Amino acid sequence: MQDKLISIVIPVFNEAENLSALFERLFNVLSGLKYKSEIIFVNDGSKDLSLPILLKEYQKHPDIIRIIDFNGNFGQHTAIMAGFRESKGNLIITMDADLQNPPEEIPRIISEFESGHDVIGTVRMNRKDTFFRRYASKIVNKIMNKVTGFSLRDYGCMLRGYSREIIDIINECNEVSTFIPALAQKFASNPIEIEVSHNAREKGVSKYNVFRLIRLQFDLMTAFSLFPLQLITILGMFIFITGLILSCFALSGESLNVILTGIIVSCLGITGEYTGRIYQEVRKRPRYVIRKIYEGEGDKI
C-alpha cells in the first residue's frame, strides 16, 4: 500500500478556535505515516474566521490540502458527501474538526484497512460529552439497530474509515438526506468497529442541539427502514380491536379519547414524514452548492 493515497475528509462549521491545534496534531500524525495523504476540508457555511484560517494553511500546503467552500450551511453529512466526491484516496477517513476525535487514532484505522476491512467504525470510550448527549446517543443507537437490523455500537462518532470501493458505491446514492455510517454499513462486506479515545471539547460549542438531534433521528428511521409505516398498520389494528372491545362493554371516557387521538396524530406525523421525504426527492434539488474549490499549487488566493 506504500504507493496508495489516504484521504482525510473534515467538515468545518464555525471551528476557527480549534483549527490551529487541529493542523498541528493532524500533520504530526500524517508525517509519521508511510503513505501519501491529502486533507479535504469542507467549509460548511462558517460565519466565523474558519475559511480565512483554512486558506492560510492551504497556502502553506497546497500539495496536501484542498478546500471545498459551500455557499451556505448544508449539514455535516452533506459536507462529508461532498468530500467523498472530491476524494482520490484508496482509504478515506472522516473526522470532526473539534478535536473530540483524536487524530492520533488514524494509524489504527489504517491498520484495520490493511487487514482487509472495508468499513472501519469506531466506538467512543469514556466519552467526555454531557449527560444529555451520552444518553441521547444511547437511545439513537438502540433505535437504529432495531430499525435497520445492524448492530453498531456508536453511530455518532465521525472518526471512521472507508475503502475506495465503499465510497464509490455511496457516491452513486442520490437521496437528498442520508446518514453515512448506516449507509456504509449497508454496503460493507467486512466491517469492523474499534474502540477509540474521546476528548472533551476545549473550545467552541457543539452544533447539535435538541431539535437537530430529533431531526437526525427522524432522518435515520425514515431513510433506512419502512418499520415506522409498518408500526402504524399495527397500531391501526390495535385501535380497531380496542374499539370493538370497548363498544361491547359500552365504555367511554375523555382519557381514552385523548390516548387514541394521540396515537392517530402520531401515525399521521410519521406518514407525513415519509411523504415529506418523497416531496424532497422528486424536487431533485442539489444537495449542496459549492462556491469554490481550492486545490493545486497554481490556485492563487
Side-chain angles (χ1 to χ4, degrees), residues 5 7-13 38 40-45 66-96 118-121 140 143-144 147-150 152 155-158 160-191 207-208 212-230 270-293 295:
L5 179 68
S7 298
I8 314 293
V9 176
I10 305 176
V12 177
F13 178 59
E38 66 172 358
I40 302 174
F41 290 101
V42 185
N43 180 43
D44 188 22
R66 286 194 283 158
I67 300 172
I68 302 172
D69 183 27
F70 283 175
N71 75 341
N73 178 241
F74 293 90
Q76 180 189 44
H77 289 265
T78 300
I80 292 175
M81 290 293 291
F84 283 168
R85 290 194 177 277
E86 296 297 325
S87 67
K88 301 175 183 177
N90 305 93
L91 170 65
I92 295 84
I93 296 175
T94 61
M95 62 178 292
D96 291 330
D118 54 356
V119 171
I120 301 95
V140 170
I143 293 176
M144 275 303 295
V147 171
T148 64
F150 301 148
L152 293 178
Y155 283 87
C157 186
M158 281 294 104
R160 295 175 176 270
Y162 309 95
S163 71
R164 179 79 259 166
E165 291 74 18
I166 293 297
I167 294 302
D168 287 342
I169 296 173
I170 290 177
N171 284 339
E172 293 179 8
C173 299
N174 296 314
E175 58 260 38
V176 174
S177 60
T178 190
F179 189 71
I180 293 168
L183 192 62
Q185 191 74 11
K186 181 177 181 64
F187 299 128
S189 60
N190 189 21
K207 309 308 183 294
Y208 275 95
R212 293 190 70 175
L213 288 172
I214 294 175
R215 178 69 260 172
L216 176 63
Q217 184 60 62
F218 274 110
D219 282 345
L220 289 174
M221 287 192 299
T222 55
F224 290 94
S225 176
L226 294 177
F227 176 76
L229 287 177
Q230 294 166 344
I270 295 174
T271 305
E273 183 70 23
Y274 278 95
T275 303
R277 291 184 68 87
I278 295 172
Y279 174 61
Q280 287 182 321
E281 296 293 340
V282 299
R283 288 185 299 183
K284 295 188 180 298
R285 292 180 179 176
R287 281 176 173 165
Y288 51 82
V289 178
I290 296 175
R291 180 184 289 117
K292 185 174 181 179
I293 297 178
E295 59 181 344

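Position 1 is the first residue of the sequence; numbering continues from there. Not measured: the values here are computed from a predicted model.
- Counting only heavy atoms from C-beta outward, the side chains of V119 and R160 never approach each other to under 4.5 Å.
- Residues passing the side-chain hydrogen bond (donor to acceptor under 3.5 Å, both in side chains) test with Q185, sequence neighbours excluded: none.
- Listed by chain and number, the residues in a side chain to side chain contact (heavy atoms under 4.5 Å, CB included) with I290 are I68, F70, Y288, I293 (sequence neighbours excluded).
- Within the 4.5 Å cutoff, the side chain of E38 has no heavy atoms near those of the E295 side chain.
- Note that OG of S87 is 9.0 Å distant from CG of L5, once rounded to the nearest 0.5 Å.
- Applying the salt bridge (charged side-chain N to carboxylate O under 4.0 Å, His left out) definition to pairs two or more places apart or across chains, those involving residues 68-82 are D69-R291.
- Taken to the nearest 0.5 Å, the CD1 atom of I40 stands 4.0 Å off from the CZ atom of R66.
- Scanning both residues, C173 and R287, for their nearest heavy atoms gives O-NH2, 2.8 Å.
- Scanning all heavy atoms of the two residues, the minimum distance from S7 to G89 falls at OG-N, 2.8 Å.
- Using a 4.5 Å cut-off on side-chain heavy atoms (C-beta onward), I67 and K292 make no contact.
- Tested against Y162, the residues I93, I120, I167 include a single side-chain contact (heavy atoms from CB on, under 4.5 Å) partner, I167.
- Within the 4.5 Å cutoff, the side chain of S189 has heavy atoms near those of the D118 side chain.
- Once rounded to the nearest 0.5 Å, the distance linking CG of N73 with CZ of F13 reads 4.0 Å.
- Ring orientation note: the planes of Y155 and F179 are tilted relative to one another, at an angle of 30° to 60°.
- Taking 4.5 Å as the limit, some side-chain heavy atom of D96 sits within range of a side-chain heavy atom of Q76.
- Between N171 and M81, the shortest heavy-atom contact is OD1-O, 4.3 Å.
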